[in-house]
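Taking it in order: structure first as structure tokens, then the write-up.
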Amino acid sequence: MKRLIILVLCVISMFTTLGQNQKMIEEIRCTPPKFTGIEKATQVVTEEKYQTIEQYLASIIEYPDEAIKSRNEGTEVVSFLVTSSGAIADINVVNSVSKEIDEAVISALKTTNGMWIPGSNNEKPVAMEKEVSVVFKFSDFAHNDFIQMTRKHYTQGSEMLFMKQNPKKALKYFDKGVVLLPNQKDLLVLRGLTRYELGDRDGALRDWTRIKNIGGLQGIGYIENFIEMKGYTEMIEALEK
């Protein structure tokens, strides 16, 4: 009983100390960048008046002819920096559907210079990174079709990797799936491990970094099934950094 009382007192003491420390830390209020669709925007009065960046891009981007001819479809993901003045900088393609689509999305993003309310840190404008996704399809298929197609590519890739011991062909299927749904963590796990097995360590690290950026391994319950694969230990270390 005495030991229990001492333990409880220690816990109370710890929370008291934490409370005191919190009083010493200044509150930090961060606000993400906001897209307005208005040139030389200075403030957002009513957010409902403005399009989202995704709506804006969808309204001005035309499906590139070359991409249509090549039957390129998928989810283009691009990251960029919104500077403290509301300008766009450091555009980077995270998930490429095709070269022509990359160019179309980047070109459209550049037209949004000055249409942003910059992010803020304690009401002081600061540069912040933003990410946008644009879906390219040939018809008005439901999003579920991408899910079904990706599941098929995942299954085919898994068969090639584990049953037929053909990582090169497996990678082709995983690549097709990621182009369609770039944030499927289970797919990124296997593509990263396949890349590692083929000697592409940098590519594997990019996939694992992406997993970390979109929430880590949470939601993947079978990860230990791959413990015997090359790169498993490095993957876990990369995700825990």
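Residue numbers count from 1 along this sequence.
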**OP:** In plain terms, say whether Arg29 and Glu123 are close enough for a salt bridge, that is, a side-chain N and a carboxylate O under 4.0 Å apart.
**Re:**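 Between Glu123 and Arg29 there is a salt bridge, with a charged N closer than 4.0 Å to a carboxylate O.
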
Are [X] and [Y] connected, step by step, through hydrophobic side chains (Ile, Leu, Val, Met, Phe, Trp, Tyr) whose heavy atoms are closer than 4.5 Å?
{"X": "Phe174", "Y": "Leu193", "value": "yes"}
{"X": "Val94", "Y": "Leu205", "value": "no"}
{"X": "Val97", "Y": "Val78", "value": "yes"}

Less than 4.5 Å apart, side chain to side chain, heavy atoms only: is that true for [X] and [Y]?
{"X": "Ile117", "Y": "Thr31", "result": "no"}
{"X": "Asn213", "Y": "Glu131", "result": "no"}
{"X": "Glu66", "Y": "Glu103", "result": "no"}
{"X": "Tyr232", "Y": "Ile223", "result": "yes"}
{"X": "Lys241", "Y": "Lys212", "result": "yes"}

Original post:
Aromatic rings Phe226 and Phe162: how do their planes relate, parallel, tilted or perpendicular, breaks at 30° and 60°?
Top reply: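 If you compare the ring of Phe226 with that of Phe162, the planes turn out parallel.
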
Original post:
So which of Leu109, Ile101, Val105 actually passes side-chain contact (heavy atoms from CB on, under 4.5 Å) with Ile61?
Top reply: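 The passing option is Val105.
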
Original post:
Between Tyr63 and Phe138, does the ring centroid distance fall short of 6.0 Å?
Top reply: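 Distance test on ring centres: under 6.0 Å, yes.
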
Original post:
In the hydrophobic cluster built from side-chain contacts under 4.5 Å, what are the other members alongside Leu171?
Top reply: Leu198

